Amino acid sequence: MYTLYHFPISCSNVVKIVLELIDVEHQVCIVDLLNAEQRSPEFLALNPSGKVPVLVEGDRVMTQSAAILIHLSQKFPDANLMPDLASEEGMEALKWFDFISASLHGNFDKVIHSERISNDSDIVKANAEELILKQLELVESRLLKSTFLTGEQPSLADYYFAVILGWSKMLSFNLLERYPIFADFKVKLKVASPQSNSLQAL
């Protein structure tokens with residue numbers, strides 16, 4: 001039994017999607033980030049960094065979304081969340097997963113939490129959006145050639161990207177109007193992965 005400490009609009013949603021895709025028994029505990037529950041003594045005892053997701057299995061506590069996702073993909077290979085990581089296809093999948101989960105997510109963090117970086121949060125947000133546009137152009141170019149980021153079968157990178165698309169309201173432009181291929185991508189991803197209710201709700 002897994003317990004996922006989760007906030008619905010955060011990156012922990014990717015872990016929730018993956019738990020549903022691998023069809024493993026789990027329960028979800030909501031950590032209300034808007035009311036600072038991540039700073040409560042109880043949660044900080046689980047994760048001193050005060051961030052979701054946290055995934056607990058027995059007495060083992062796992063943190064950092066990318067690490068959790070890679071771990072689950074390797075523990076449950078039949079779910080086909082990632083190709084063999086030692087293969088050429090595995091390297092390609094890891095490349096896109098790192099690009100989405102670290103680079104793109106990192107710039108969205110700067111948009112969403114620009115005030116944490118500088119008092120001039122408007123400049124921080126504008127610079128981050130400029131980088132996001134360049135990164136989205138790379139994703140668009142890839143999806144013009146391939147159904148999903150790593151080929152014809154979805155991988156962790158695709159599920160992560162689908163969650164990030166849900167943060168587009170934080171941007172100063174309409175992301176799906178500028179990149180209509182991303183709406184088509186979400187439809188194809190949902191068709192390919194009907195067993196995840198969380199993915200279908202995106």
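The structure displayed is predicted, hence computed values, not measured ones.
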Pair Gln195, Leu21 - check side chain to side chain contact (heavy atoms under 4.5 Å, CB included), show working. CA-CA 6 Å; Gln195 63 271 49; Leu21 291 174; 3.6 Å; yes
Any non-hydrogen side-chain atom of Pro8 less than 4.5 Å from a side-chain atom of Ile30? yes
Pick from Leu69, Val163, Val28: which one makes a side chain to side chain contact (heavy atoms under 4.5 Å, CB included) with Val15? Leu69
Testing the basics here: between Leu81 and Ser73, what is the closest heavy-atom pair and its distance to 0.1 Å? CB-CB, 3.9 Å
Please report the shortest heavy-atom distance between Ser121 and Ser114, naming the atom on each side. CB-OG, 3.3 Å
Can you tell me if Gln200 uses its side chain to pair, donor with acceptor, with the backbone of Lys190 under 3.5 Å? yes
Quick check: do Met62 and Glu57 have side-chain heavy atoms less than 4.5 Å from each other? yes
Are Val139 and Trp96 side-chain neighbours, meaning at least one heavy-atom pair lies under 4.5 Å? yes
For the pair Ser141 (side chain) and Leu138 (backbone), establish whether a donor and an acceptor sit closer than 3.5 Å, ignoring hydrogens and angles. no
Phe97 and Tyr160 aromatic ring geometry - parallel, tilted or perpendicular at 30°/60° bounds: perpendicular
Flag, side chain of Gln153 to backbone of Asn80, donor-acceptor distance under 3.5 Å: yes
All pairs passing side-chain hydrogen bond (donor to acceptor under 3.5 Å, both in side chains) where residues 168-184 contributes a residue, at least two apart: Glu129-Ser172
For residues Val187 and Ile164: do they belong to one hydrophobic cluster (side chain heavy atoms under 4.5 Å, members Ile, Leu, Val, Met, Phe, Trp, Tyr)? no
Lys125 NZ: over 12 foreign heavy atoms closer than 6.0 Å: yes
Tyr5 and Leu55, any side-chain heavy atoms less than 4.5 Å apart: no
Just by distance, do the side chain of Ser40 and the backbone of Glu37 share a donor-acceptor pair under 3.5 Å? yes
Are Leu131 and Ile100 connected in a single hydrophobic cluster, I mean Ile/Leu/Val/Met/Phe/Trp/Tyr linked by side-chain heavy atoms less than 4.5 Å apart? no
Derivation and outcome, side chain to side chain contact (heavy atoms under 4.5 Å, CB included), residues Asp109 and His105: CA-CA 6 Å; Asp109 267 347; His105 184 173; 3.7 Å; yes
Verify the cluster assignment for Leu85 and Phe148: are they in a single hydrophobic cluster under the rule of side-chain heavy atoms below 4.5 Å apart? yes
For Gln64, does the CD atom sit with more than 12 other heavy atoms under 6.0 Å from it, leaving out its own atoms? no
Derivation and outcome, side chain to side chain contact (heavy atoms under 4.5 Å, CB included), residues Phe43 and Val54: CA-CA 9 Å; Phe43 186 75; Val54 173; 3.7 Å; yes
Can you confirm whether the side chains of Lys188 and Thr147 place a donor and an acceptor under 3.5 Å from each other? no
Quick one, Leu175 and Trp167 - any side-chain contact, counting heavy atoms below 4.5 Å? no
Between Phe161 and Phe185, how do the two ring planes meet: parallel, tilted or perpendicular, split at 30° and 60°? tilted
Distance-only, no hydrogens or angles: does the His26 side chain make a donor-acceptor pair with backbone N or O of Val24 under 3.5 Å? yes
Would the distance check show the side chain of Glu152 and the main-chain N or O of Ser146 forming a donor-acceptor pair, the cut-off being under 3.5 Å? no
Indicate, with yes or no, if Met1 and Leu19 share a hydrophobic cluster defined by side-chain heavy-atom contacts under 4.5 Å among Ile, Leu, Val, Met, Phe, Trp and Tyr. no
Are Val124 and Leu171 linked, directly or through intermediate hydrophobic residues, by side-chain heavy-atom contacts shorter than 4.5 Å (ILVMFWY only)? no
Exercise: do Ser198 and Ser196 side chains pair donor with acceptor under 3.5 Å: no
Answer yes if the side chains of Thr3 and Gln27 hold a donor-acceptor pair under 3.5 Å, and no otherwise. yes
Taking the side chain as every heavy atom from C-beta outward, state whether Val52 and Asn47 have any atom pair closer than 4.5 Å. no
Using atom types as modelled and distance alone, determine if a side-chain donor or acceptor of Lys16 lies under 3.5 Å from a backbone N or O of Phe7. no
Nearest heavy atoms of Ile112 and Met170, plus distance in Å: CG1-CG, 3.9 Å
When you compare the side chain of Lys186 with that of Leu165, does any pair of heavy atoms fall below 4.5 Å? yes
What one should report as the nearest heavy-atom pair of Leu4 and Ser12 is CD2-O, 4.1 Å
With a 3.5 Å distance limit and no angle check, can you tell me whether Asp158 reaches the backbone of Leu149 through a side-chain donor-acceptor pair? yes
Pair Gln135, Asn107: side-chain N/O donor-acceptor within cut-off below 3.5 Å: yes
Shortest non-hydrogen contact from Ile22 to Leu72? CD1-CD2, 4.3 Å
Can you tell me if Glu92 and Thr150 form a side-chain donor-acceptor pair at under 3.5 Å? no
Derivation and outcome, side chain to side chain contact (heavy atoms under 4.5 Å, CB included), residues Asp98 and Leu94: CA-CA 6 Å; Asp98 184 69; Leu94 283 172; over 6 Å; no
Shortest non-hydrogen pair, Ala183 vs Leu176, comes out as N-CD2, 3.9 Å
Are Ile132 and Leu136 packed together at the side-chain level, in the sense that at least one heavy-atom pair is separated by less than 4.5 angstrom? yes
